[in-house]
Amino acid sequence: MPEPLPRAFYNRPAIEVARALLGTVLVHGTTSGRIVETEAYLGPQSGLEDRAAHSWRGVTPRTRVIFGPPGYAYVYLIYGVYECLNVVAEPKGSAGCVLIRALEPVAGIPRMRSRRGGVPGVERLANGPGKLTLAMGITRRHNGADLTRGRLTIRPPERPEDIRIGVSPRIGIKHCADLPLRFFIEGNRFVSR
DNA sequence: CAATAGATCATCT
DNA sequence: GATGATCTATTGC
């Protein structure tokens with residue numbers, strides 16, 4: 001298995017990281033999945049006033065991680081029910097992160113299925129932000145975890161591959177619902193709906 | 001298949 | 001006290 005992506009990979013604008021993450025592999029213990037869908041959330045430095053981003057109002061106890069150094073996990077609870085995994089991008093002091101929205105299961109599929117309550121069909125195992133954290137066993141305990149080492153990492157593909165990147169507005173947000181900040185592998189059937 | 005309701009709580013006002 | 005980067009079950013066609 002390839003080494004984890006280095007910190008430098010994450011030390012650039014969130015949009016670049018969101019695109020570059022497509023095709024890489026999220027690994028947690030014995031389970032892993034290929035990232036096929038991401039969304040970028042921008043900080044004030046983008047000049048875009050991204051009100052959909054948690055970092056929009058500046059540093060708070062929750063958003064501390066997003067303003068920290070790149071290459072760490074930001075995990076939060078949504079609707080009091082599910083948890084979402086983000087990757088922190090951009091240098092320390094600059095807000096910017098990438099929501100992982102969907103995975104193509106690679107290893108440990110039976111384990112993922114049991115964690116998902118036995119849902120049938122590999123396609124439905126991790127094709128959404130709340131589903132993939134469940135399937136991979138990722139929780140708020142991973143908030144602030146270093147993705148360049150340890151049990152939870154992101155690694156390059158085994159072999160270089162040719163993919164087409166699709167772009168669309170982000171899903172499920174109220175503000176800035178027109179910005180084209182969602183990226184996905186064109187034609188991949190594990191992308192969320 | 002499409003539309004809708006409800007679950008449930010950390011965070012910030 | 002309101003809100004939300006979601007998902008599932010259930011309803012109705």
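All of these numbers come straight from a predicted model, not from anything done at the bench. All heavy atoms count here, side chains included; hydrogens, waters and symmetry mates do not. Every chain is numbered from 1, with letters handed out A, B, ... down the list of sequences.
- In this structure, A:Val17 is not a member of the same hydrophobic cluster as A:Tyr72, with clusters built from ILVMFWY side-chain heavy atoms closer than 4.5 Å.
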(request) With side chain to side chain contact (heavy atoms under 4.5 Å, CB included) as the test, would you mind laying out the steps for A:Tyr74 and A:Arg64 before giving the verdict? (result) CA-CA 9 Å; A:Tyr74 165 53; A:Arg64 191 182 70 247; over 6 Å; no

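- Here A:Arg182 lies out of heavy-atom contact (under 4.0 Å) with every strand.
- Across all their heavy atoms, A:Thr148 and A:Thr153 have their closest contact at C-CG2, 4.4 Å.
- For A:Arg57 and B:dT13, the shortest distance from a side-chain N or O to OP1 or OP2 is below 4.0 Å.
- What separates NE2 of A:His175 from P of C:dA5 is a distance of 8 Å, to the nearest Å.
- In this structure, A:Arg170 reaches neither bases nor backbone, as no heavy-atom distance under 4.0 Å exists between it and the strands shown.
- The 12-atom threshold is not exceeded at CZ of A:Arg111, counting heavy atoms of other residues, nucleotides or ligands nearer than 6.0 Å.
- Look at OH on A:Tyr79: it is 17 Å from P on C:dA2, rounded to the nearest Å.
- For the pair A:Arg141 CZ and B:dA10 C1', the interatomic distance rounds to 17 Å; values are reported in whole Å.
- Atom-to-atom, CZ of A:Arg124 to P of C:dA9 comes out at 12 Å; the value is rounded to the nearest Å.
- The side-chain heavy atoms of A:His142 and A:Met136, taken from C-beta on, include no pair separated by under 4.5 Å.
- Of the residues in residues 89-121 of chain A, those lying under 4.0 Å from DNA chain C by heavy-atom distance are A:Cys97, A:Leu99, A:Arg101, A:Arg116.
- Across C:dT8, B:dC12, B:dA7, the shortest atom-to-atom separation from the side chain of A:Val81 is found for B:dA7.
- The shortest non-hydrogen separation linking A:Leu22 to A:Ile163 is O-CD1, 3.9 Å.
- Taking atom CD1 on A:Ile66 and atom P on C:dA5, their separation rounds to 12 Å, with Å as the unit.
- For the pair A:Asp50 CG and C:dG4 C1', the computed distance is 15 Å after rounding to whole Å.
- Taken together through direct or relayed side-chain contacts under 4.5 Å among Ile, Leu, Val, Met, Phe, Trp and Tyr, A:Ile66 and A:Leu42 form parts of separate hydrophobic clusters.
- Within 6.0 Å of CD on A:Glu3 lie no more than 12 heavy atoms contributed by other residues, nucleotides or ligands.
- In terms of position on DNA chain C, the residue among A:Lys174 and A:Tyr82 whose nearest nucleotide sits closer to the 5' end is A:Lys174.
- Looking at the side chain of A:Pro129, the nearest of the listed nucleotides C:dA5, C:dC7, B:dT8 is C:dC7.
- For C:dA5, the OP1/OP2 oxygens have a side-chain nitrogen or oxygen of A:His54 closer than 4.0 Å.
- In this structure, A:Gly130 reaches the sugar-phosphate backbone alone: every heavy-atom distance under 4.0 Å involves primed, P, OP1 or OP2 atoms, never a base.
- A:Val27 is not connected to A:Leu132 by any chain of hydrophobic side-chain contacts under 4.5 Å among Ile, Leu, Val, Met, Phe, Trp and Tyr, and they are in different clusters.
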(message) Dot-bracket, 5' to 3', for DNA chain B please: Watson-Crick or G-U pairs under 3.5 Å, [ ] where pairs cross earlier ones, | where the partner sits on another strand, dots elsewhere.
(response) |||||||.||||.

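- As rounded to whole Å, 15 Å separates atom C1' of B:dT11 from atom CH2 of A:Trp56.
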(message) Quick one, A:Thr31 with A:Arg115, criterion side chain to side chain donor-acceptor pair (under 3.5 Å). Give me CA distance, side-chain angles, the key distance, then yes/no.
(response) CA-CA 11 Å; A:Thr31 52; A:Arg115 287 202 277 233; 3.0 Å; yes

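- Side chain of A:Tyr76, nearest nucleotide from B:dC12, C:dT8, C:dA5: C:dA5.
- Atom-to-atom, CG of A:Leu77 to P of C:dC7 comes out at 13 Å; the value is rounded to the nearest Å.
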